[in-house]
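Following: one structure in structure tokens, then a few remarks.
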Amino acid sequence: MSDTKTIAVIGATGAQGGGLVRAMLSDPDREFSVRAVTRDPNSDTARALAELGAEVVAADVDDVESLKRAFDGAYGAFCVTFFWEHFSPDKEAAQVRNMATAAKEAGVEHVIWSTLEDTRQWVPLDDDRMPTLMEKYKVPHFDGKGASDRLFDELGVPTTFLLTSFYWDNLIHFGMGPQPGEDGSLTFALPMGDKKLPGIAAEDIGRCAFGIFKRGSELIGERVGIAGQHLTGEEMASALSSALGREVKYSAVPFDVYRSFDFPGADDLGNMFQFKHDFEDMFCGARDLDFSRSINPALKTFDGWLAENKERLQVG
Ligand SMILES: NC(=O)c1ccc[n+]([C@@H]2O[C@H](COP(=O)([O-])OP(=O)(O)OC[C@H]3O[C@@H](n4cnc5c(N)ncnc54)[C@H](OP(=O)(O)O)[C@@H]3O)[C@@H](O)[C@H]2O)c1
């Protein structure tokens, strides 16, 4: 039996959890044993994690009993939810309750919960600067997470609350990258006006979580935010221009226009960008760059991320 501490990782085959798994498995000291949690241990991604040295176990965040088994004997657990699979903050809250309940019952000593702000603390429902969505949210995919923070506290689960940032990878996977216009020029559209958007390489979220676990109990009970850089749309367009060797113009899309785009969740994302814009100081201030680098010295800048990923941007 190994005497290393085991960390159970929810979403191990995805962006955040995957980054944590890879960070732990590539650690020369192998300080932690990795338990990768997936719904399907036979998927190609899960098998690849097993080949890298992870223990792979089956569990579903909708099934608390499966989570209890997955967390059994673990020292730590990384918890994340998957809003864009179901678009339901209520379902997200139920899943957080399942993870917190399982962590409590399994006696997990340190949970990292990947959360975001409950924006209604800054924009109450009667604030009509942005529409209320689903009758009780302003930014559903933020609010459901932030409102669920208390579930860990109420159950007495030792937890670090990790405020994440906009993945730069959204420029590849979420269709948010520069788009060619009719004249062939490239436009980077983002509803951020002249304000700064905290961004991060998705892989760095897991690396930061690894840095938090490495600090032992120091950050338990703390609310910590991470970002690779805080950049305006102009600054991102300039970095994109340099990386691609083609001029990329920034277009500050109005919030209402963004909300009316024809894709699921456009209203949620439009409200999210307006929140980040209107509360720039608070939102950037909660994601300290020096702190992020202190727990993850390899933290990437946007230029660094672009150097590795520019070929993956589908710019036509
Ligand atoms: N995109 C952004 O800029 C951004 C920024 C901050 C926060 N976030 C938040 O990040 C969260 C998503 O994290 P991610 O990007 O790491 O996810 P992801 O890359 O989409 O990974 C999702 C993984 O979770 C697993 N999964 C899905 N449903 C599950 C379930 N019911 N039970 C257990 N596992 C399940 C899946 O693994 P299996 O198929 O192997 O089970 C999948 O590989 C969202 O809630 C989003 O709001 C996103």
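- Under the 4.0 Å criterion applied to side-chain N and carboxylate O atoms, Asp290 and Arg293 are not assigned as salt-bridge partners.
- Scanning both residues, Ser88 and Phe83, for their nearest heavy atoms gives N-CE1, 3.7 Å.
- Around the CG atom of Asn42, the shell of radius 6.0 Å holds more than 12 heavy atoms that belong to other residues, nucleotides or ligands.
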Listed pairs under 3.5 Å, donor-acceptor, residues 185-198 side chains, sequence neighbours left out:
residue, atom, partner, partner atom, Å
Ser185, OG, Asp183, OD1, 2.7
Ser185, OG, Asp183, OD2, 3.4
Lys196, NZ, Glu235, OE1, 3.4

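- In Gln314, the CD atom is not crowded: 12 or fewer heavy atoms of neighbouring residues, nucleotides or ligands sit closer than 6.0 Å.
- Taking CD of Glu203 as the start and CG of Asn296 as the end, the distance is 10.0 Å to the nearest 0.5 Å.
- The aromatic ring centroids of Phe161 and Trp113 lie 6.0 Å or more from each other.
- Hydrophobic clustering (side-chain heavy atoms under 4.5 Å, transitive across Ile, Leu, Val, Met, Phe, Trp, Tyr) keeps Phe174 apart from Ile200.
- In this structure, the side chains of Glu311 and Asn309 stay at 4.5 Å or more apart for every pair of heavy atoms.
- Between Phe210 and Phe32 there is a side-chain heavy-atom pair separated by less than 4.5 Å.
- Met236 is not listed as a side-chain neighbour of Tyr250, based on a closest heavy-atom distance of 4.5 Å or more.
- Counting heavy atoms from C-beta outward, Met99 and Thr81 have side chains that approach closer than 4.5 Å.
- Side chains of Ser66 and Asp60: a donor-acceptor N/O pair is absent below 3.5 angstrom, by distance only.
- A salt bridge links Arg120 with Asp143: the closest approach of a Lys/Arg side-chain nitrogen to an acidic carboxylate oxygen falls below 4.0 angstrom.
- The aromatic ring centroids of Phe273 and Tyr258 lie less than 6.0 Å from each other.
- Looking at Asp267 and Lys138, no side-chain N of the basic residue comes within less than 4.0 Å of a carboxylate O on the acidic one, giving no salt bridge.
- A salt bridge does not link Arg215 to Glu31: none of the charged nitrogens lies less than 4.0 Å from a carboxylate oxygen.
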